[in-house]
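Data block below; observations after.
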Amino acid sequence: MNELRGQLAVEVGEDTHEVLLNLNAFRLLCKDKKIDLTGLDEFVNSDPLDFVPTVIYWGIMNACDFKGQSRPEINFDHISAIICSDLDKFQELSESVGQAMGQSMGGETEGN
């Protein structure tokens, strides 16, 4: 996986799912939450414990869409429970999401 390109993997139970965090993942999230792109800032700051699992969830769906594969039947609350149960994993995913948002939104990141 290439975190600099918003590609990572997350373990859900015994399964490992690819995550692709690009503009389409954020489009899917915005569509689901009925917010526009500018509303992401408010969502991030108002509820990071919901934001990170939501981005990861839509990143999984986006990775499948990108490859033309069927989306997995994953329960959002199950993913959230797994992500939020391990503080180190939550922090790692939060940093990956932040980096992906910087790239997806046109910001500069290290190494670019």
Is there a side-chain contact between F51 and N45 (heavy atoms, below 4.5 Å)?
no
For atom CD of Q69, decide whether the heavy atoms of other residues, nucleotides or ligands shown that lie under 6.0 angstrom number more than 12.
yes
Would you call I79 and I60 a side-chain contact if the rule is heavy atoms closer than 4.5 Å?
yes
What do the steps show when you test D50 against F76 for side chain to side chain contact (heavy atoms under 4.5 Å, CB included), and what is the final call?
CA-CA 10 Å; D50 190 37; F76 173 75; 3.5 Å; yes
Using atom types as modelled and distance alone, determine if a side-chain donor or acceptor of N22 lies under 3.5 Å from a backbone N or O of A25.
yes
Would you check, one step at a time, whether the test side chain to side chain contact (heavy atoms under 4.5 Å, CB included) holds for D65 with L28?
CA-CA 11 Å; D65 292 348; L28 293 169; 3.9 Å; yes
Can you name the nearest heavy-atom pair linking M61 to P72, along with the distance?
CE-O, 3.8 Å
Just checking, is any N or O donor in the side chain of Q99 or E95 under 3.5 Å from an acceptor N or O on the other one?
no
Is there a side-chain contact between L8 and L21, using heavy atoms and a 4.5 Å cut-off?
yes
For I74 and Y57 the tightest heavy-atom approach is O-CE1, 3.6 Å
Non-hydrogen atoms of L20 and N62 that approach each other most closely
O-ND2, 2.9 Å
Please report the shortest heavy-atom distance between P53 and I83, naming the atom on each side.
CA-CD1, 3.9 Å
Salt-bridge criterion met for K67 and E18 (N-O under 4.0 Å):
yes
Steps toward side chain to side chain contact (heavy atoms under 4.5 Å, CB included) verdict (V55, F26)
CA-CA 7 Å; V55 172; F26 294 106; 4.1 Å; yes
Rounding to 0.5 Å, atoms CD (E42) and CG (L40) come to a distance of 10.5 Å
Tell me whether F66 at atom CZ has more than 12 heavy atoms from other residues, nucleotides or ligands lying less than 6.0 Å away.
no
Value for CG (L93) from CG (D88), rounded to nearest 0.5 Å, stands at 11.0 Å
Among residues at least two apart in sequence or on other chains, which ones pass side chain to side chain donor-acceptor pair (under 3.5 Å) with K34?
none
Is the number of heavy atoms from other residues, nucleotides or ligands under 6.0 Å of K31 NZ greater than 12?
no
